[in-house]
Amino acid sequence: MPLHRKFYNRPTLTVARDLLGKRLIRQIDGAERSGIIVETEAYIGIKDSACHAHRGKTLRNAVMFGPPGHAYVYFTYGLHYLLNLVTEEEGQPAAVLIRAIEPFTGLDEMRALRRRHGKELTNGPAKLCQALSINKDFNGWDLTQGIHLWVEDFQAVQSKSILSTPRIGIGYAQKLDREALWRFLIHS
DNA sequence: CTCTCGATGTTCT
DNA sequence: GAACATCGAGAGG
């Protein structure tokens, strides 16, 4: 069962923490590839200078302004797709970036697509998109339908085992936003 | 292992 | 024209 829209319609930091331990699933022609979410980052609204919504609504970031429970997928560095899950009520632009998953099913297909193995399959935001064949066609995709791409409950993660740090790759943001502890990982 | 650097195309100034 | 929520190859230790 896919997570309900109510799961996403909450404060982004709460959703980012709660997504740890959930299972991200990609189904294509009956074949399933999935992984357990182990690293996330929160991007919260127009006041967050690291968030794409900081400079207002554009064609690229419009999905973040829409209802929660949809995918915000964008293309960057001329090479890579990144997957975000839209949070908070419609009109509040915010999302959680999925930075890493632990491969769970469909490993053979992931290895073939990535031309890598082991940790290198899905330990980065662009790597997991490649392993799960997520591209810009999924921008705006409704994750609550339970088809093609969705998230399911899997295992509870104790707050004790969650580590938080500053976000990665946002050197362009203001100091306060650069230092915010809005990256969450499962402490191995 | 660490560090540096180039790739590549869309978006925004 | 610059910047970019990254990755992987290659060089060096």
Side-chain angles (χ1 to χ4, degrees), chain A residues 8 11-20 22 24 26 33 35 37-66 68 70-88 92-103 109-141 143 149 151 162-186 188:
Chain A
Y8 300 99
T12 305
L13 293 175
T14 304
V15 177
R17 277 186 289 253
D18 282 358
L19 278 168
L20 296 175
K22 299 285 189 284
L24 176 66
R26 172 83 168 98
R33 275 173 266 161
I37 298 172
V38 295
E39 181 179 344
T40 62
E41 278 177 5
Y43 289 86
I44 313 176
I46 58 174
K47 286 183 296 194
D48 175 7
S49 62
C51 181
H52 287 167
H54 180 54
R55 295 175 187 279
K57 190 173 177 175
T58 66
L59 199 57
R60 177 175 70 156
N61 66 24
V63 172
M64 268 204 292
F65 288 76
H70 290 251
Y72 167 45
V73 179
Y74 70 94
F75 185 66
T76 191
Y77 292 109
L79 297 162
H80 304 303
Y81 294 101
L82 275 65
L83 170 67
N84 301 256
L85 313 183
V86 175
T87 60
E88 314 213 15
Q92 298 292 327
V96 174
L97 171 68
I98 307 300
R99 284 196 62 88
I101 64 177
E102 181 180 308
E109 185 67 15
M110 293 188 200
R111 279 189 279 261
L113 286 161
R114 291 274 304 128
R115 300 166 182 275
R116 292 287 182 286
H117 51 83
K119 279 197 66 170
E120 291 302 312
L121 285 179
T122 55
N123 63 341
K127 298 178 188 180
L128 69 92
C129 284
Q130 190 182 8
L132 297 183
S133 301
I134 294 167
N135 57 39
K136 77 186 215 179
D137 292 342
F138 278 100
N139 189 38
W141 185 256
L143 300 159
L149 180 68
V151 182
I162 298 178
L163 199 65
S164 56
T165 79
R167 292 169 289 179
I168 304 294
I170 55 160
Y172 56 88
Q174 294 167 11
K175 189 170 189 286
L176 217 57
D177 295 321
R178 282 202 313 269
E179 294 175 347
L181 302 177
W182 288 357
R183 172 177 178 241
F184 302 97
L185 324 77
I186 297 181
S188 67

Using atom [atom1] of [X] as one end and atom [atom2] of [N] as the other, report the distance to the nearest whole Å.
| X | N | atom1 | atom2 | result |
| --- | --- | --- | --- | --- |
| A:Met64 | C:dA5 | CE | C1' | 10 Å |
| A:Ile170 | C:dC4 | CD1 | P | 11 Å |
| A:Lys119 | C:dG8 | NZ | P | 13 Å |
| A:Tyr74 | B:dC12 | OH | P | 12 Å |
| A:Tyr81 | C:dT6 | OH | C1' | 14 Å |
| A:Asn61 | B:dT10 | CG | P | 17 Å |
| A:Tyr43 | C:dA5 | OH | P | 8 Å |
| A:Tyr172 | C:dC4 | OH | C1' | 8 Å |

Legend entry - DNA chain B: 5'-proximal contact among A:Gly78 and A:Thr58 (nearest heavy atom):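 Closest to the 5' end, via its nearest nucleotide, is A:Gly78.
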For a quick check of understanding: with a heavy-atom distance under 4.0 Å over all strands, which category does [X] fall into, base, sugar-phosphate or nothing?
| X | value |
| --- | --- |
| A:Phe75 | sugar-phosphate |
| A:Leu79 | base |
| A:Arg183 | nothing |
| A:Ala50 | base |

State whether the side chain of [X] and the backbone N or O of [Y] hold a donor-acceptor pair below 3.5 Å, judged by distance alone.
| X | Y | result |
| --- | --- | --- |
| A:His80 | A:Ala126 | no |
| A:Arg26 | A:Arg33 | no |
| A:Gln130 | A:Leu113 | yes |
| A:Arg167 | A:Asp177 | yes |

Legend entry - Identity of whatever pairs with B:dA7 - Watson-Crick or G-U, under 3.5 angstrom: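 For B:dA7, the partner nucleotide comes out as C:dT6, under the 3.5 Å rule.
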Would you mind telling me which of [options] lies closest to the side-chain atoms of [X]?
| X | options | answer |
| --- | --- | --- |
| A:Asn84 | C:dG8, C:dA5, C:dT6 | C:dA5 |
| A:Arg99 | C:dG8, C:dA5, B:dT13 | C:dA5 |
| A:Arg60 | B:dC12, C:dC4, C:dA9 | B:dC12 |

Inset, instruction - Go through A:Glu41 and A:Arg99 one step at a time and tell me if the salt bridge (charged side-chain N to carboxylate O under 4.0 Å, His left out) criterion holds. - result: CA-CA 7 Å; A:Glu41 278 177 5; A:Arg99 284 196 62 88; 3.6 Å; yes
Distance check: side-chain N/O of [X] vs OP1/OP2 of [N], anything under 4.0 Å?
| X | N | answer |
| --- | --- | --- |
| A:Arg116 | C:dA9 | yes |
| A:Tyr77 | B:dG9 | no |
| A:Lys127 | C:dG8 | yes |

Legend entry - Any side-chain donor near an acceptor of the partner, A:Thr12 and A:Glu88, under 3.5 Å: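 Distance-only check passes for A:Thr12 and A:Glu88.
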Legend entry - Rounded P spacing from B:dC3 to C:dA5 in Å: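 Each nucleotide's P atom is 23 Å from the other's.
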Legend entry - Position toward the 5' end of DNA chain C (nearest nucleotide), A:Gln130 or A:Thr76: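 That would be A:Thr76.
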